[in-house]
2 protein chains.
Amino acid sequence: MSLRHAILVLLQDQEASGYDLAREFANSIGLVWNATHQQIYLELGKLNDQSMVKYRHIPQDGKPDKKLYRITDEGRDELTRWLRKPAAPPRVRDAFMVKIAGGSMSDSATIIRELDDQTDLRRERLNTFEALAAKLNDTHQDRDLFTYLTLRRGILDQQTWLRWADEVRSALEKREEQASSVPTSV
Amino acid sequence: MSLRHAILVLLQDQEASGYDLAREFANSIGLVWNATHQQIYLELGKLNDQSMVKYRHIPQDGKPDKKLYRITDEGRDELTRWLRKPAAPPRVRDAFMVKIAGGSMSDSATIIRELDDQTDLRRERLNTFEALAAKLNDTHQDRDLFTYLTLRRGILDQQTWLRWADEVRSALEKREEQASSVPTSV
DNA sequence: ACCACCATGTAATACGTTACATGATTCA
DNA sequence: TGAATCATGTAACGTATTACATGGTGGT
């Protein structure tokens, strides 16, 4: 229920359209909360009804018209209220890890194939985050500090995942050896 | 959509009631996928309708009757089919991290208070996982290997989180120093 | 007395996903 | 010619959360 708060956090900095927000959810804040454009437009509608945001209608030519949203004082109040009360622990829902937990039903090759795919993805992310973090190191604004800390979390997370994947690989290699030394395993 | 698969993974090993499964979702597999009893009973109903599980009704005295579910061949087929096709990347939804991203609106003390609460929680989890992993090291069954790998993921995750929290603490301490040296900051 | 544990469920509501829909512009 | 970008939305469906409901046993 804090899609609304993620939106308000983004609107703190600048006026933005739903489209702009969707792009940021695919990048920066998407690292910790993701949402699709449908959810965003819907939530912007609700936030507007509750006058936590307001918008100006911008006609454009060559492009569709857009609505530029900005946070209101009520919105800012809601944000600070939310920031003060403790957040519920995030619910975990990692399908890939369910597969690992049920891994004894798969053969090692199938698991390793998917592990390698995920590894590529994580490595890419790590590069993206590291590049973004490197850019921040020069400037020293208060907001950048929190962007930096968010990125740090992402970086450490990817690194840890990659380390874990290495452990899985060597464990599965050993498993293969044992499977081949004992002709038909139970 | 893989609550069903998480349930099937659990039923691989033993016959269990909805209540038993709920307990395991609060422990072992809850590390990677969590669900409440309502979801579980509902999903067991659906799985039964689709004959992926079946149950025996066990009357008890002193306690309410229960239904012991077991996986069927159809259920096992469904599981192996699912295990073979790639899982979608998990979507992140971490409210606490949204707070960090919007941290420039809070004062450091408020953030650190919540950080400390989360730290306690993570440390507790780390201990639990480490204790469980230590128990596994003796036996060497194939299933234990995957339980171990799942636990390893949890352990590395908690450790990384704790390391990150330390970084946040020192960054916020520096921030405080700067805030006090410059009387009224923007 | 009261709380926790065992064991199952229903119902209302909120939230999220997928598919559908439109239409001009710009770049390969 | 076809895909991507900009920009907004609706509708149907599926999943998740919260609250409600029941009732005996065993421990503090």
Side-chain angles (χ1 to χ4, degrees), chain A residues 1-7 10 14-27 29-30 32-50 53 55-69 82 87-95 98, chain B residues 1-7 10 14-27 29-30 32-50 53 55-69 82 87-95 98:
Chain A
M1 212 254 116
S2 38
L3 169 57
R4 59 187 319 117
H5 303 112
I7 290 174
L10 288 175
Q14 347 92 9
E15 228 180 359
S17 67
Y19 192 85
D20 294 335
L21 293 173
R23 259 211 270 74
E24 291 194 73
F25 270 99
N27 296 313
I29 208 158
V32 295
W33 195 281
N34 48 34
T36 58
H37 81 270
Q38 292 89 340
Q39 273 177 278
I40 292 164
Y41 285 119
L42 211 124
E43 196 63 43
L44 280 172
K46 284 186 204 164
L47 284 168
N48 185 60
D49 293 347
Q50 293 163 53
V53 299
Y55 67 88
R56 336 178 258 140
H57 190 262
I58 312 284
Q60 297 187 117
D61 47 45
K63 292 173 182 179
D65 296 358
K66 64 176 170 183
K67 296 176 181 173
L68 277 184
Y69 289 87
W82 178 75
R91 61 232 208 297
V92 216
R93 238 143 242 204
D94 191 330
V98 173
Chain B
M1 214 251 116
S2 37
L3 168 59
R4 59 189 315 119
H5 302 111
I7 291 174
L10 289 174
Q14 346 93 8
E15 228 179 359
S17 67
Y19 192 86
D20 294 335
L21 292 173
R23 260 212 271 71
E24 292 195 72
F25 271 99
N27 296 314
I29 206 156
V32 296
W33 193 280
N34 47 36
T36 59
H37 82 269
Q38 293 89 339
Q39 275 177 277
I40 293 164
Y41 285 119
L42 211 123
E43 196 63 43
L44 279 173
K46 285 186 204 166
L47 284 168
N48 185 60
D49 294 346
Q50 293 162 53
V53 299
Y55 66 88
R56 337 179 258 140
H57 189 261
I58 313 285
Q60 297 186 116
D61 46 44
K63 291 174 185 179
D65 296 358
K66 65 176 168 181
K67 296 176 181 174
L68 278 185
Y69 289 87
W82 178 75
R91 29 187 110 51
V92 218
R93 238 145 240 203
D94 190 330
V98 173

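So you know, we letter chains A, B, ... as the sequences are listed, proteins then strands, and number each from 1. Just so you know, these numbers use all the heavy atoms, side chains as well, and skip hydrogens, waters and symmetry mates.
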Checking C/dA7, D/dT8, D/dG9 against the side chain of A/S17 (C-beta onward), the nearest is D/dT8

Testing C/dT8, D/dT17, D/dT8 for proximity to the side chain of A/Y19, the answer is D/dT8

Residues of residues 56-66 of chain B with a heavy atom under 4.0 Å from any atom of DNA chain C, listed by number, are B/Q60, B/K63, B/P64, B/D65, B/K66

Closest to the side chain of A/R23, out of D/dA16, D/dC6, C/dT17, is D/dC6

Atom CD of B/E43 and atom P of D/dT17 are separated, to the nearest Å, by 13 Å

note: B/L42, atom CG; D/dT15, atom P; distance rounded to Å ~ 10 Å

Rounded to whole Å, the CD-C1' distance (B/Q38 to D/dT18) equals 8 Å

Looking only at C/dG16, D/dG9, D/dA16, the nucleotide nearest the B/R93 side chain is C/dG16

Exactly one candidate in A/L44, A/L42, A/T36 meets side chain to side chain contact (heavy atoms under 4.5 Å, CB included) with A/I40; the answer is A/L44

If each end axis of the helix from C/dA1-D/dT28 to C/dA28-D/dT1 is fitted on five C1' pair positions, the angle between them, to 10 degrees, is 40°

Practice item. Determine, for A/D49 against A/K46, whether the closest basic-nitrogen to carboxylate-oxygen distance falls under 4.0 angstrom. Key: no

Picking from D/dA16, D/dT8, C/dT8, the nucleotide nearest the side-chain atoms of A/Y41 would be D/dT8

